[in-house]
Amino acid sequence: MMWMVILSCVIFTAYVIAMAMKYGAKEVVSEYAYEGGMTLFTACIGASAALLMPVMVAVAPENWKFLGFLAAAALVFVAVAPRYKGDEAKLHKTAAKMAGACAVAWGMATCWEIVALSLVAYVAVMQLAESRWAWIAAELTGMAMVYAVCFYKLVV
């Protein structure tokens, strides 16, 4: 299962870095769907989420496995409805909020210490950054938290 986490992390990280280098830093990751193309966004974000789903379910405590599934499934919805402006906005934004809330709840049930450290890291970054970067910082911190919990639970 570790290979799934590593591959997911490589795909997500490479996508965000490549898009940021080509199009500059954006306020949300979904903005790269407009800049770099909807298909590439869907493929990268969808693949990252699909690879994480079985791991998130496997490492969670028995009564909380559904949160790992819901977090990853909601991120798949974000990927297949990449337009956060216009007709798909409601689906995209609702799925993104659900993915975030379920991921944090999953993290709290699975390894609350990493969630707490992630919150501290987010607050520290926001002390240094402009408020316009709050959403992308939250998205990237959330993904880092999920990867950290998965790595930790698979190793320990």
Side-chain angles (χ1 to χ4, degrees), residues 1-21 24-33 41-82 84 91-156:
M1 290 205 141
M2 183 63 83
W3 71 269
M4 297 172 98
V5 179
I6 292 169
L7 184 56
S8 173
C9 187
V10 167
I11 292 169
F12 181 81
T13 304
Y15 175 76
V16 172
I17 289 172
M19 292 294 109
M21 288 176 66
K26 301 296 176 188
E27 293 181 21
V28 292
V29 172
S30 298
E31 185 64 32
Y32 294 125
F41 177 87
T42 297
C44 292
I45 303 304
S48 295
L51 285 163
L52 280 176
M53 186 182 295
V55 180
M56 292 176 75
V57 170
V59 302
E62 195 59 42
N63 291 337
W64 302 103
K65 292 181 182 296
F66 74 98
L67 288 171
F69 175 81
L70 290 176
L75 193 55
V76 169
F77 273 95
V78 169
V80 298
Y84 73 98
L91 173 59
H92 181 92
K93 290 178 180 178
T94 301
K97 290 172 186 172
M98 185 172 174
C102 288
V104 170
W106 167 86
M108 290 296 291
T110 307
C111 186
W112 67 267
E113 298 89 345
I114 290 176
V115 178
L117 289 172
S118 299
L119 178 60
V120 170
Y122 174 76
V123 170
V125 166
M126 291 315 303
Q127 293 299 313
L128 303 172
E130 299 174 32
S131 62
R132 74 183 202 127
W133 302 114
W135 281 113
I136 196 161
E139 292 171 344
L140 297 178
T141 303
M143 287 301 289
M145 177 210 61
V146 169
Y147 289 123
V149 170
C150 288
F151 279 125
Y152 177 77
K153 294 304 279 186
L154 289 173
V155 172
V156 172

Could I get the full list of side chain to side chain contact (heavy atoms under 4.5 Å, CB included) partners for [X], not counting sequence neighbours?
X: A47; value: I11
X: V16; value: F12, V29, L140
X: I17; value: T13, M21

Looking only at non-hydrogen atoms, find the nearest pair between [X] and [Y] and report the distance.
X: P54; Y: M4; result: CG-CE, 3.3 Å
X: W133; Y: K26; result: CZ3-O, 3.1 Å
X: M126; Y: A137; result: SD-CB, 3.8 Å

* Are any side-chain N or O atoms of Y32 and backbone N or O atoms of A18, one a donor and one an acceptor, separated by less than 3.5 Å? -> no
For residues 64-80, which side-chain N or O atoms pair as donor and acceptor with protein atoms under 3.5 Å away, sequence neighbours left out?
residue, atom, partner, partner atom, Å
K65, NZ, V57, O, 2.9
K65, NZ, A58, O, 3.3
K65, NZ, A60, O, 3.0

Any side-chain heavy atom of [X] sitting closer than 4.5 Å to one from [Y]?
X: E31; Y: V28; answer: yes
X: V125; Y: T141; answer: no
X: S30; Y: W135; answer: no

* Ring geometry between F41 and Y15 (parallel below 30°, tilted from 30 to 60°, perpendicular above 60°) -> perpendicular
* Point-to-point distance, once rounded to the nearest 0.5 Å, from OG of S8 to CE of M143 -> 5.5 Å
* Asked: What distance do M1 atom CE and I6 atom CD1 have between them, rounded to the nearest 0.5 Å?
  -> 13.5 Å
* Asked: Which residue pairs pass the salt bridge (Lys or Arg N to Asp or Glu O under 4.0 Å) test with at least one member in residues 115-132, sequence neighbours excluded?
  -> E27-R132, E130-R132
Side-chain donor-acceptor contacts of residues 100-123 below 3.5 Å, not counting sequence neighbours, with atom names and distances?
residue, atom, partner, partner atom, Å
W106, NE1, M56, O, 2.9
T110, OG1, W106, O, 2.7
S118, OG, I114, O, 2.8
Y122, OH, A134, O, 3.2

